[in-house]
Amino acid sequence: MAKEKETKVDAKSKKSGKDEKLFWVDSKGKRVDGRGINDLRAIKIQAGVLPNADGSCYLEWGQNKVLVAVNGPREVLPKHQANPYRAIVRYTYRMAAFSVTERKNPRPGRRETEISKVSGEALERAIFLERFPNTAIDIFVEVLDSNAGTRIACLTAAAVAVADAGIPMRDLVTGITVGRADSHQIVDLNKHEEDAEDAVDMAVAFLPNSKEVVLLQMDGEITQEEYSKLMQVAMDNVEKVYEIQKKALKESVENKKPEVVEGMEQYLSASPADHHSDDHNHDSSPKRGKVSMKEKDPFSFGETDYTEVEDENPDAEHEAFDAGKE
Ligand code: ADP
């Protein structure tokens with residue numbers, strides 16, 4: 001069995017000879033991993049990492065490592081799941097068996113089902129679903145390594161992958177965890193901090209421009225006053241994550257091959273869609289075409305131009321694939 005690394009917390013409690021009292025934040029305001037109370041773990045985001053997917057993203061958030069692939073909007077199978085008024089979002093969160101210290105049962109459990117459901121619903125708030133009736137947007141999320149905060153890491157990465165797929169959105173979705181350990185309000189809890197005796201762990205995701213909350217989950221108990229303070233801490237710090245998402249998208253567009261950008265040019269002359277208009281005003285006729293995101297400025301979500309492109313023969317892709325198999 002793998003021996004767990006000794007943390008500063010373990011070392012401190014051993015030195016003092018008292019196992020019962022652990023120091024989560026020291027007198028200088030430093031946490032067990034050396035961070036201040038408002039410091040996030042290091043975040044690295046790269047978009048467009050999987051050429052076979054319509055959109056993709058790799059994200060590291062401290063020890064957490066997650067990979068997201070997006071396919072769609074595409075035909076819904078099984079067909080009875082299709083909604084004639086809008087696209088459906090199918091978000092699949094999975095933790096790899098090797099992503100935790102002890103081997104995890106690879107069979108999806110209730111936790112994964114729950115996280116998939118709430119995360120998919122959060123993204124639905126950001127995507128212009130009404131533009132793609134009778135289609136599915138499939139989002140596959142794999143946790144490769146974990147140390148608390150994976151649902152937020154995954155949702156943050158998934159929003160980047162959806163944007164990378166060129167799917168029109170009102171805004172990105174950006175998440176953060178805030179909480180309490182040993183009476184201190186802290187940002188971005190790691191696994192040790194989640195295990196504090198009085199721990200509160202609150203996962204929040206926003207549409208970062210409007211600060212609309214699209215996901216809110218909490219472990220532990222807090223007062224109304226503490227909740228308000230934690231929410232403010234979350235709002236203050238989520239900007240840091242949003243900036244990293246935008247940077248990743250910008251780099252992804254800049255790295256696109258010239259022929260891809262050239263291929264997109266035919267779509268760029270169409271009139272821009274109005275992102276602020278009411279969704280119900282959009283044409284709701286069935287569309288199965290792909291969506292191109294104008295590469296010029298995909299980060300200012302209020303102003304970005306998107307164009308929708310219908311396939312001339314939407315079945316061509318399937319026919320070509322089937323022909324190749326015969
Ligand atoms: P989140 O990862 O969003 O914080 P939880 O609070 O449920 O979600 O989980 C906290 C951490 O516990 C995870 O990041 C992971 O490191 C660990 N964990 C979750 N599920 C398992 C499991 N089945 N086996 C071992 N460790 C797990």
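We count ligands from 1, going down the list as the structure has it; atoms in each ligand are counted the same way. Numbering starts at 1 and runs along the sequence shown.
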If the cut-off is 4.0 Å to any non-hydrogen atom of [X], which atoms of ligand 1 fall inside it?
| X | value |
| --- | --- |
| Lys191 | 11 (C), 12 (O), 17 (C) |
| Glu194 | 4 (O), 6 (O), 10 (C) |
| Lys104 | 23 (N) |
| Ser146 | 14 (O), 15 (C), 16 (O) |

Do any N/O atoms on [X] end up under 3.5 angstrom from N/O atoms on ligand 1?
| X | result |
| --- | --- |
| Val100 | no |
| Asp219 | no |
| Arg151 | yes |
| Ile115 | no |

Count the heavy atoms belonging to other residues, nucleotides or ligands that lie under 6.0 Å from [atom1] of [X], then report whether that count exceeds 12.
| X | atom1 | value |
| --- | --- | --- |
| Arg94 | CZ | yes |
| Lys229 | NZ | no |
| Glu225 | CD | no |

- Item | Candidate with minimal heavy-atom separation from atom 20 (N) of ligand 1, of Glu114, Gln63, Arg103, Arg111 | Arg111
- Message: Does this structure show an ion pair linking Lys117 with Glu112, if we count only N-O contacts that are shorter than 4.0 Å?
- Response: no
- Message: Do the side chains of Glu243 and Lys247 get close enough for a salt bridge, i.e. N-O under 4.0 angstrom?
- Response: no
- Using the six-membered ring of Phe98, assess whether NZ or CZ of Arg103 lies under 6.0 Å from its centre and within 45 degrees of the ring axis. no
Please report which non-hydrogen protein atom sits nearest to [atom], along with the residue it belongs to and the distance in Å to one decimal place.
| atom | answer |
| --- | --- |
| atom 2 (O) of ligand 1 | Thr150 OG1, 2.5 Å |
| atom 4 (O) of ligand 1 | Gly149 N, 2.7 Å |
| atom 14 (O) of ligand 1 | Ala148 N, 2.8 Å |

- Between Thr150 and Tyr93, do the side chains contain an N or O donor and an N or O acceptor separated by less than 3.5 Å? yes
- Note on the structure: Result for side-chain contact (heavy atoms from CB on, under 4.5 Å) between Trp61 and one of Ile45, Ile152, Val66 points to Ile152
